[in-house]
Amino acid sequence: MGLLEGKRAVIFGVANERSIAWAIAKTLHKEGARCALTYATERLKERVETLAHSLNSEIVLPCDVTSDEQINSTFSAIKDKWQTMDILIHSVAFAKKEELKGKLLDTTREGFQIAMDVSVYSLIALSRQAFPLMENTGSIITLTYYGSQKVVPNYNVMGVAKAGLEAVVRYLAEDMGPRGVRINAISAGPVKTLAAMGISGFGEILKRVEERAPLRRNITQEDVAGVALFLASPLSEGVTGEVIYVDAGYNIMGL
Ligand code: NAP
């Protein structure tokens with residue numbers, strides 16, 4: 001029997017086969033969870049539906065996380081179909097390409113607002129809807145990056161957003177903990193995905209990690225999915241409000 005037999009997971013952030021959310025969805029499914037997938041835009045509909053089909057997902061819904069209306073209709077569809085849910089995966093972030101190069105000094109008000117809305121506020125908005133559907137226990141997992149803690153060239157406004165996201169995790173852990181609902185972040189090392197390719201000089205970051213990380217390699221989407229499985233399962237019942245690094249150890253190095 002799988003670790004997540006009988007559990008229901010709602011997953012935000014599958015864009016294609018390289019998405020971290022897709023590796024997580026496959027792993028949760030393998031351990032017995034039923035997975036509902038959402039997609040951000042009509043452009044992704046067909047691709048995400050095909051992926052969802054391969055996991056026998058009975059729920060595939062459009063949800064742009066900047067729209068309260070779409071968030072409401074997504075969760076009311078989940079409630080109609082499942083009544084309750086156990087796991088929420090938030091694997092969503094966005095900043096305009098021009099904000100992910102050069103200096104933070106040049107960040108525009110609009111660019112800042114977009115990055116914070118999609119990448120940070122969305123976790124609050126989705127958690128608020130998921131919380132009442134989680135009975136007694138529940139696990140919410142989001143994805144962050146080390147650029148929240150230290151300066152990573154070009155990461156700029158997204159570093160600020162990830163710092164905010166990690167603070168949101170701690171505050172929501174306190175809000176939801178008394179009813180047994182947990183929330184944690186996984187701080188993933190760099191992985192070549194669609195979102196990552198928008199960061200200027202991303203190839204250099206990959207090279208640096210491979211040279212310097214204690215494990216002398218980059219991580220894979222599957223490395224992240226393994227820790228997501230741990231956080232989604234009863235194995236981590238005493239863990240909430242944490243940021244767990246899956247980065248081949250890179251963050252422990254001083255030089
Ligand atoms: P990805 O495959 O491009 O996933 C990002 C997802 O966010 C996409 O599905 C994207 O949809 C979605 N998204 C963007 N704007 C949205 C909106 N308004 N509403 C709903 N969804 C929206 O890249 P990924 O690397 O797997 O990213 C997943 C998470 O991991 C992100 O939070 C990212 O910051 C984090 N992370 C990534 C790395 C890395 O190196 N790859 C490292 C650490 C943390 P569209 O494609 O339609 O925009």
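Bear in mind that the values here come from a model prediction, so they are computed numbers and not experimental data. Every number for a ligand or one of its atoms is a count from 1 in the order of the listing. Residue numbers run from 1 in the order of the sequence given.
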Any protein N or O within less than 3.5 Å of an N or O in ligand 1? List each pair with its distance, or say none.
from	atom 1	to	atom 2	distance (Å)
ligand 1	2 (O)	Ser19	OG	2.6
ligand 1	3 (O)	Ala195	N	3.0
ligand 1	9 (O)	Gly13	O	3.1
ligand 1	18 (N)	Asp64	OD1	2.9
ligand 1	19 (N)	Val65	N	2.9
ligand 1	23 (O)	Thr193	OG1	3.2
ligand 1	25 (O)	Thr193	OG1	2.5
ligand 1	26 (O)	Ile20	N	2.8
ligand 1	32 (O)	Val92	O	3.4
ligand 1	32 (O)	Lys162	NZ	3.0
ligand 1	34 (O)	Lys162	NZ	2.9
ligand 1	40 (O)	Val191	N	2.8
ligand 1	40 (O)	Val191	O	3.2
ligand 1	41 (N)	Val191	O	2.9
ligand 1	41 (N)	Thr193	OG1	3.2
ligand 1	47 (O)	Arg43	NH2	3.4

With sequence neighbours excluded, what pairs up with [X] under the side chain to side chain donor-acceptor pair (under 3.5 Å) test?
X: Ser233; value: none
X: Glu5; value: none
X: Gln129; value: Asn72

Flag this pair as yes if the NZ/CZ of Arg47 is under 6.0 angstrom from the six-membered ring centre of Tyr39 and inside a 45 degree cone about the axis; otherwise no. no
Are any side-chain N or O atoms of Ser127 and backbone N or O atoms of Ile124, one a donor and one an acceptor, separated by less than 3.5 Å? no
Expected output: side-chain Asp64 to main-chain Ala40 donor-acceptor under 3.5 Å: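 No, the answer is negative, given that no donor and acceptor are paired below the 3.5 Å cut-off.
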